[in-house]
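All residue numbers in this chain count up from 1 along the given sequence.
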Amino acid sequence: MDFATRIADWQARHGRHDLPWQNTRDPYRIWLSEVMLQQTQVSTVISYYQRFLERFPDIHSLAAAEEEAVMPYWAGLGYYARARNLHRCARQIVGDWGGRFPPDAASIATLPGIGRSTAAAIAAFAYGERSPIMDGNVKRVFARHFGVEGDPARRDTELRLWALAEAQLRDGAGPGVDMGAYTQGLMDLGATVCTRGKPLCGACPVRETCVAQRDGRQAELPTPRARKATPERSTAMLVVEHEGRVLLERRPSPGIWGGLWSLPEFDAALSGTQACAQLGVETARVWALAAFSHTFTHFRLHVKPWYAIVTQRPAEGDRPRQWLALADAAQAALPAPVRKLIEGLSALRGAMAVDAH
């Protein structure tokens, strides 16, 4: 039995079948799930996916919305360029394709934020198209099964993996193979069996032909990526409270956390009082809060937060601002670490042990 058929048969018996974006041919819902699942775990995506669809049930409702109306439904999911591209993509489909999703992987891949693998997955699930996929989990499956050396992030290694994926459909998969089951099976296999740390080789449907299983090289394949030093950045954030409300500023788009609401930021070397002065407000009291770090794809951000009760509101700045009660602020479209900071502030109010500055 060929590789693709074994994967598809295994998925039918042992794969995942009850995820909210399965059992549909609607390319809008499939596309939304594929974008949300990029670098994000299934368990995290489910609630976001359901909430997003309640607000934007089809391509037309998403395209008609303004970007600032979309971002609250992505806040906390991370990698916010995905949300901006999703919105751009919806408008392009309505404008250029009459609101109908493109009919094949090659056309889908021309849309903003959709790469070759995502386009192929959408086409396989929505249209049954025989197009190979190659996301991170699938790279691991192919590297181990076919014994592919080299960092999968390198272009030459990735091209070898794509060639193998194409060959399975061109030469190995029978005409009756279910493309949806095969595509989902590769995803399920990489996520639940051929895992990074401790693969469950005894449960693998292709173990009998797997190079890594045969040679005991599961820990060596795929070739580990060379570690690089993570750049470090620092900033100060200021929780400014006036008459029970805190100040939020909209982040510029594009950019880190672009389109989301966040706290005013300052040079990390400034004290809370100095930051308030730079903001243009007089303080009644200022406290230092516990510092924290947040890791992005390409750098780590160290945040030194301050909490200040001020005697008046600052003048309007160069970014949109709003003043919200703490409980309401925590429900705004905030980056996850900022939301955590604000949610914890009420508890911290009664436990601040740092002297006022």
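- In the hydrophobic clustering of this structure, Val193 does not group with Met1; members are Ile, Leu, Val, Met, Phe, Trp, Tyr whose side-chain heavy atoms approach within less than 4.5 Å, directly or through other members.
- Looking at Thr283, its side chain never comes within 3.5 Å of a backbone N or O of Arg285 through a donor-acceptor pair.
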Exercise. Does the pair Phe52 and Phe56 meet the rule for a ring pair (Phe, Tyr, Trp, His ring centres under 6.0 Å), with working shown?
Worked result: CA-CA 6 Å; Phe52 197 96; Phe56 307 107; 5.0 Å; yes
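- No side-chain heavy atom of Pro335 sits under 4.5 Å from any side-chain heavy atom of Trp261.
- Inspection of the Glu249 and Ser262 side chains reveals no N or O donor paired with an N or O acceptor under 3.5 Å.
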For this session: Please report the C-alpha distance between Glu265 and Arg251 in whole Å, then the side-chain angles of each, then the deciding distance to 0.1 Å, and finally whether the salt bridge (Lys or Arg N to Asp or Glu O under 4.0 Å) criterion is met.
Result: CA-CA 10 Å; Glu265 290 190 30; Arg251 302 277 300 189; 2.6 Å; yes
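- Judged by distance alone, the side chain of Arg207 and the main-chain N or O of Gly202 form a donor-acceptor pair under 3.5 Å.
- The aromatic rings of Trp287 and Tyr307 sit parallel, their planes meeting at an angle under 30°, below the 60° perpendicular limit.
- Side-chain atoms of Thr118 and Glu34 include no donor-acceptor pair closer than 3.5 Å.
- Here the side chain of Thr223 pairs a donor or acceptor atom with the backbone of Gly150 at under 3.5 angstrom.
- Using modelled atom types and a 3.5 Å distance limit, the side chains of Asn137 and Arg140 yield a donor-acceptor pair.
- Side-chain atoms of Gln11 and Tyr182 form no donor-acceptor pair, as typed in the model, at a separation below 3.5 Å.
- Taking every heavy atom of both residues into account, Asp104 and Ala123 meet most closely at C-CB, 4.4 Å.
- Side chains of Gln312 and Glu282: a donor-acceptor N/O pair is absent below 3.5 angstrom, by distance only.
- Using a 4.0 Å cut-off between charged nitrogen and carboxylate oxygen, Arg155 and Glu158 count as a salt-bridge pair.
- In plain terms, the two heavy atoms of Phe101 and Ile93 that are nearest each other are CE1-CD1, 3.4 Å.
- Atom CZ of Arg196 sits in a sparse spot, with 12 or fewer heavy atoms from other residues, nucleotides or ligands closer than 6.0 Å.
- The aromatic rings of Phe3 and Phe146 are tilted relative to each other, their planes meeting at an angle between 30° and 60°.
- When the shell of 6.0 Å around CZ of Arg233 is examined, it contains 12 or fewer heavy atoms from other residues, nucleotides or ligands.
- No donor-acceptor pair closer than 3.5 Å links the side chain of Arg82 to the backbone N or O of Gly113.
- His302 and Glu232 are linked by a side-chain donor-acceptor pair at a separation below 3.5 angstrom, with hydrogens and angles left out of the test.
- By the 6.0 Å and 45° rule, Arg51 does not stack over the aromatic ring of Trp74.
- Judged purely by atom type and a 3.5 angstrom limit, Arg84 has no side-chain atom pairing as donor or acceptor with the backbone of Ser253.
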Exercise. Between Glu241 and Arg313, does a salt bridge (Lys or Arg N to Asp or Glu O under 4.0 Å) hold up when you go through it step by step?
Worked result: CA-CA 9 Å; Glu241 181 177 336; Arg313 294 186 180 186; over 6 Å; no
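- A donor atom on one side chain and an acceptor atom on the other are found under 3.5 Å apart for Arg6 and Thr209.
- Between the side chain of Arg144 and the main chain of Glu220, no donor-acceptor pair closer than 3.5 Å is present.
- Taking the six-membered ring where tryptophan is involved, the planes of Phe296 and His294 are perpendicular, since the angle between them exceeds 60° and thus also 30°.
- Salt-bridge formation is detected for the pair Glu149/Arg217: a Lys NZ or Arg NE/NH1/NH2 atom is positioned less than 4.0 Å from an Asp or Glu carboxylate oxygen.
- Of the possible polar contacts, one joining the Arg321 side chain to the Ala315 backbone as a donor-acceptor pair under 3.5 Å is found.
- No side-chain heavy atom of Val246 sits under 4.5 Å from any side-chain heavy atom of Val240.
- Although no hydrogens or angles enter the test, the distance criterion places no donor-acceptor pair under 3.5 Å between the side chain of Asp188 and the main chain of Gly15.
- No donor-acceptor pair closer than 3.5 Å links the side chain of Ser117 to the backbone N or O of Ile133.
- Side-chain contact between Leu263 and Leu247 is absent, with no heavy atoms from C-beta onward closer than 4.5 Å.
- Listed for the Thr195 side chain is a donor-acceptor partner under 3.5 Å among the backbone atoms of Lys198.
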